[in-house]
Amino acid sequence: VVENEIQARIDNIFSNLERLEILSSKEPPNKRQNAKLRVDQLKYDVQHLQTALRNFQHRRYLREQQERQREELLARTFTTNDSDTTIPIDETLQFNESLQSAHRGMDELIGSGTNILQGLRDQRVTLKGTHKKILDVANMLGLSNTVMRLIEKRAFQDKVLMLGGMALTCVIMFLVVQYLT
């Protein structure tokens, strides 16, 4: 009876809080945030009360169930060949075997995961080595390209120098022939 009365009061508080929430949204903007915060705090407190009531009811239910089972056990009369006194060992044994099987399966799964991780680590090391070799080859090719560009540039400069020298020699020969003859 007391629990039902407490539950009714908590429900009443929830309905009042819903009205308070509506009213807090109608407050002036500068007070609205504070009012909303207070309503949320009250809701939180009421939810705690609700949870505490449920926990109390659950504990009371468990206590009553234990008392019923205790009374049932104490009131029971056992006979020598009563089928209720048998212990279900077969079911327990099957349950234990199932647990052991699940345990082995989990161990195999963990081992498989460990092997997969190790394989991924090995692949990472291999890929890092390959990446380094590719970068070395790319650097060599880059160096070769640089050397080729320098050779081409030098060949172009040599050609310009040769043509310039030929032109200068022709000019000098022309001037020598012009002024000396």
Side-chain angles (χ1 to χ4, degrees), residues 10-11 13-55 58-59 62 90-181:
I10 289 176
D11 292 340
I13 291 172
F14 266 126
S15 64
N16 288 340
L17 282 175
E18 288 175 3
R19 278 190 256 146
L20 266 177
E21 190 171 18
I22 292 170
L23 291 175
S24 71
S25 64
K26 295 180 181 178
E27 284 285 323
N30 56 350
K31 293 183 180 179
R32 187 177 302 154
Q33 183 69 21
N34 193 17
K36 191 121 178 97
L37 185 65
R38 287 181 182 170
V39 169
D40 288 342
Q41 182 63 38
L42 285 173
K43 275 187 177 182
Y44 181 74
D45 291 344
V46 171
Q47 286 173 348
H48 266 298
L49 289 174
Q50 181 79 24
T51 304
L53 179 63
R54 285 189 188 133
N55 286 340
H58 182 69
R59 284 194 310 264
L62 287 177
D90 290 338
E91 294 173 7
T92 307
L93 186 61
Q94 287 176 347
F95 181 71
N96 188 23
E97 288 174 0
S98 297
L99 283 178
Q100 292 297 328
S101 174
H103 185 68
R104 280 191 301 275
M106 289 303 294
D107 284 344
E108 290 172 4
L109 188 64
I110 290 171
S112 172
T114 303
N115 290 338
I116 290 170
L117 280 175
Q118 187 60 39
L120 288 173
R121 285 186 189 117
D122 293 343
Q123 287 179 4
R124 181 183 66 187
V125 169
T126 303
L127 287 175
K128 277 186 176 182
T130 305
H131 184 257
K132 186 176 179 183
K133 287 179 184 176
I134 288 173
L135 287 177
D136 289 344
V137 168
N139 286 337
M140 282 188 118
L141 288 176
L143 182 63
S144 298
N145 287 340
T146 305
V147 170
M148 291 298 290
R149 277 192 233 111
L150 286 175
I151 290 172
E152 289 173 359
K153 185 177 178 183
R154 180 69 185 259
F156 178 75
Q157 288 173 349
D158 287 348
K159 190 185 287 184
V160 169
L161 190 62
M162 180 188 73
L163 291 175
M166 289 171 72
L168 183 64
T169 304
C170 288
V171 168
I172 290 175
M173 285 176 38
F174 177 74
L175 288 176
V176 166
V177 170
Q178 189 70 21
Y179 286 115
L180 291 179
T181 54

Legend entry - With sequence neighbours excluded, residues passing ring pair (Phe, Tyr, Trp, His ring centres under 6.0 Å) with H48: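 Ring pair (Phe, Tyr, Trp, His ring centres under 6.0 Å) check on H48 returns Y44.
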
Legend entry - Under 3.5 Å donor-acceptor, S112 side chain and E108 backbone: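 No; judged by distance alone, with no hydrogens or angles, the pair does not exist.
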
Legend entry - Donor-acceptor pair, side chain of T169 and main chain of G165, under 3.5 angstrom: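 Answer holds: yes.
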
Between atom [atom1] of [X] and atom [atom2] of [Y], what is the distance when rounded to the nearest 0.5 Å?
{"X": "F14", "Y": "Q50", "atom1": "CZ", "atom2": "CD", "answer": "5.5 Å"}
{"X": "K132", "Y": "K128", "atom1": "NZ", "atom2": "NZ", "answer": "11.5 Å"}
{"X": "L135", "Y": "T130", "atom1": "CG", "atom2": "OG1", "answer": "11.0 Å"}
{"X": "L168", "Y": "L163", "atom1": "CG", "atom2": "CG", "answer": "12.5 Å"}
{"X": "Q118", "Y": "D122", "atom1": "CD", "atom2": "CG", "answer": "5.0 Å"}
{"X": "D40", "Y": "S24", "atom1": "CG", "atom2": "OG", "answer": "8.0 Å"}

Legend entry - Steps toward side-chain contact (heavy atoms from CB on, under 4.5 Å) verdict (L17, E21): CA-CA 6 Å; L17 282 175; E21 190 171 18; over 6 Å; no

Report yes if the side chains of [X] and [Y] come closer than 4.5 Å at any heavy-atom pair, otherwise no.
{"X": "F95", "Y": "Q100", "answer": "no"}
{"X": "Q157", "Y": "L161", "answer": "no"}
{"X": "N55", "Y": "H58", "answer": "no"}

Legend entry - Working for salt bridge (charged side-chain N to carboxylate O under 4.0 Å, His left out), residues D158 and R154: CA-CA 6 Å; D158 287 348; R154 180 69 185 259; 3.5 Å; yes

Inset, instruction - Would you indicate whether R38, at its atom CZ, is surrounded by more than 12 heavy atoms from other residues, nucleotides or ligands within a distance under 6.0 Å? - result: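 Result for CZ/R38: open.
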
Legend entry - Worked check of side-chain contact (heavy atoms from CB on, under 4.5 Å) between D45 and L49: CA-CA 6 Å; D45 291 344; L49 289 174; 5.7 Å; no

Legend entry - Qualifying ring pair (Phe, Tyr, Trp, His ring centres under 6.0 Å) pairs with a residue from residues 115-139, counting only residues at least two apart or across chains: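 Applying ring pair (Phe, Tyr, Trp, His ring centres under 6.0 Å) to every pair that reaches into residues 115-139, excluding sequence neighbours, yields nothing.
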
Inset, instruction - Given side-chain contact (heavy atoms from CB on, under 4.5 Å), test E27 with Q33 step by step and report yes or no. - result: CA-CA 9 Å; E27 284 285 323; Q33 183 69 21; over 6 Å; no

